[in-house]
**Q** 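Below are the structure tokens for one structure; questions will follow.
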2 protein chains.
Amino acid sequence: MHLVNLHAEHLFQALADPTRIRAVRLLAATGDEACLCELVDSLLEPPYKLSRHLKILRQSGLLSAAKEGRWVYHRLVTGAGAGYLRHLCDMMCALPDPAGVFAADLGRFENRRQLRVGGRCRVGIQNPELAAQ
Amino acid sequence: MHLVNLHAEHLFQALADPTRIRAVRLLAATGDEACLCELVDSLLEPPYKLSRHLKILRQSGLLSAAKEGRWVYHRLVTGAGAGYLRHLCDMMCALPDPAGVFAADLGRFENRRQLRVGGRCRVGIQNPELAAQ
DNA sequence: TGCACGGTTGCATTATCATGCAAATGAGAT
DNA sequence: ATCTCATTTGCATGATAATGCAACCGTGCA
């Protein structure tokens, strides 16, 4: 698979993985930002895995990251100059969820978000199975 | 890469390849249908390659195929029950084309389309480099 | 029935990607 | 400075996907 038309290919390639879809979908549906540990507790995937997937999404121009102390907040890019991102966002929100995977992700994220203090995450990974020792 | 959430994953996976993006984009922009030989002459890719890519797009639910004699016409599915397909179509049409790859595809398709008789393709692959012997 | 031709597919090869572990980075707190 | 902790990454491995060639299928025509 050779890249010739930079934009579109990187974009769809970035969405070709189920874990990355779940992450983008969560951010698109909530319109919120999330740090890695919140995503770990929401998607129930190990931190190193998500960290790498988020990097790919960042490189594709879909996500941006903002470091705040030890936490890194990820959010969808709402590019003014990129109208197709809006269509993409609309599409993500309109996708069916036959297996309920996304609904479960969203539920865990809502719960996890209640641990925030002043809108900021102040804890690490809560799920003991996924916390690095 | 494991499939857990059938719909979205097959969909984005199907769009993860540059050749497939070019094909879908062409059909989305023109709103027309096209047979394999027309696509070969438009995208300048060998028939066996396109045939397989089109199959993947069909299996993902993005394209439908209709056989007419020796020709097979491919077109985008305009599913009534699937609102996200409309958003996807909007997005494809809004994508930038920095390298002009898509514009070139479109130009070749417009030319090739003039060989139709009564709106139907009546010839095979025109490009001698790509015609099977 | 045999031929020509648009389209498809089996097979082997090569390239690409995702994953897990363990180690490392870097920023705050002690 | 040192320790803790959220996050990242190098490396090795296994899984998946893309490609080219050649053979094949199926339809229409002589």
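Chain letters run A, B, ... following the sequence lines, proteins first and then strands; every chain starts at 1.
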**Q** Taking the side chain of B/His53 as its heavy atoms from C-beta onward, which of D/dT19, D/dT7, C/dC17 lies nearest to it?
**A** D/dT19
**Q** Can you identify which nucleotide, out of C/dG7, C/dA27, D/dT8, has its nearest atom closest to the A/Lys67 side chain?
**A** C/dA27
**Q** What distance do A/Leu39 atom CG and A/Leu27 atom CG have between them, rounded to the nearest 0.5 Å?
**A** 6.0 Å
**Q** Looking for any heavy atom pair under 4.0 Å, which part of the strands does A/Val123 touch: base, sugar-phosphate only, or nothing?
**A** sugar-phosphate
**Q** So does A/Arg120 pair up with A/Glu33, basic N to acidic O under 4.0 Å?
**A** yes
**Q** Just verifying a value: how many Å separate A/Arg25 CZ and A/Cys93 SG, rounded to the nearest 0.5 Å?
**A** 8.5 Å
**Q** Rounded to the nearest Å, what distance is computed from the CD atom of residue A/Glu45 to the P atom of nucleotide D/dT7?
**A** 16 Å
**Q** To the nearest Å, how far apart are A/Leu130 CG and C/dC21 P?
**A** 12 Å
**Q** Over all strands shown, is B/Cys121 touching base, sugar-phosphate only, or nothing at heavy-atom distances under 4.0 angstrom?
**A** nothing
**Q** Any idea which of C/dG26, D/dT9, C/dG6 is nearest the A/Ser51 side chain?
**A** D/dT9
**Q** Could you tell me whether a side-chain N or O of A/Asp97 sits under 3.5 Å from a main-chain N or O of A/Val101, the two making a donor and an acceptor?
**A** yes
**Q** Would a hydrophobic clustering, with Ile, Leu, Val, Met, Phe, Trp and Tyr connected at side-chain separations under 4.5 Å, put A/Phe102 with B/Tyr84?
**A** yes
**Q** Given atom CD of A/Glu38 and atom C1' of D/dT7, what is their separation to the nearest angstrom?
**A** 14 Å
**Q** Please report, rounded to the nearest Å, how far the C1' atom of D/dT16 is from the CD atom of B/Glu9.
**A** 14 Å
**Q** Does a side-chain N or O of A/Gln13 approach OP1 or OP2 of C/dC17 to a distance below 4.0 Å, or not?
**A** yes
**Q** Name the closest nucleotide to the A/Arg70 side chain, picking from D/dG20, C/dG28, C/dT19.
**A** C/dG28
**Q** By nearest atom, which of the nucleotides D/dT8, C/dG7, C/dA4 is closest to the A/Val72 side chain?
**A** D/dT8
**Q** As a test of reading the structure: which of D/dT7, C/dG28, C/dT9 is closest to the side chain of B/Tyr48, going by heavy atoms?
**A** C/dT9
**Q** Under 4.0 Å, heavy atoms only, any strand: does B/Arg120 hit a base, just the sugar-phosphate, or nothing?
**A** nothing
**Q** For B/Tyr73 and C/dG7, what is the distance between atoms OH and C1' respectively, to the nearest whole Å?
**A** 13 Å
**Q** Which whole-number value in Å describes the distance from A/Leu50 CG to D/dT9 C1'?
**A** 15 Å
**Q** Taking distance alone, no hydrogens or angles, what donor-acceptor pairs closer than 3.5 Å link side-chain atoms of residues 51-59 of chain A to residues at least two apart or in another chain?
**A**
{"unit_1": "A/His53", "atom_1": "ND1", "unit_2": "A/Arg20", "atom_2": "NH1", "d": "3.1"}

**Q** What's the angle between the local helix axes at either end of the helix from C/dT1-D/dA30 to C/dT30-D/dA1, using five pairs per end and rounding to 10 degrees?
**A** 20°
**Q** What's the CG-P distance between B/Asp17 and D/dA17, to the nearest Å?
**A** 12 Å
**Q** Show, in sequence, the C-alpha distance, side-chain angles and deciding distance for A/Val24 and B/Phe12, and conclude whether the side chain to side chain contact (heavy atoms under 4.5 Å, CB included) test is met.
**A** CA-CA 13 Å; A/Val24 169; B/Phe12 287 116; over 6 Å; no
**Q** Identify which nucleotide among C/dT9, D/dA18, D/dT9 has an atom closest to any side-chain atom of A/Lys55, counting heavy atoms from C-beta outward.
**A** D/dT9
**Q** Measuring from the side chain of A/Arg52 (C-beta onward, heavy atoms only), which nucleotide among D/dC11, C/dG26, C/dG7 has the closest atom?
**A** D/dC11
**Q** Only one of A/Arg116, A/Arg112, A/Gln126, A/His74 passes side chain to side chain donor-acceptor pair (under 3.5 Å) with A/Glu38; say which it is.
**A** A/Arg116
**Q** Of the options C/dT8, D/dT19, C/dT19, whose atoms approach the side-chain atoms of B/Lys49 most closely?
**A** D/dT19
**Q** What is the distance, rounded to the nearest whole Å, between atom CZ of A/Arg20 and atom C1' of C/dT19?
**A** 12 Å
**Q** When you get a sec, tell me which of D/dG28, C/dC17, D/dT7 is the closest nucleotide to the side chain of A/Trp71?
**A** D/dT7
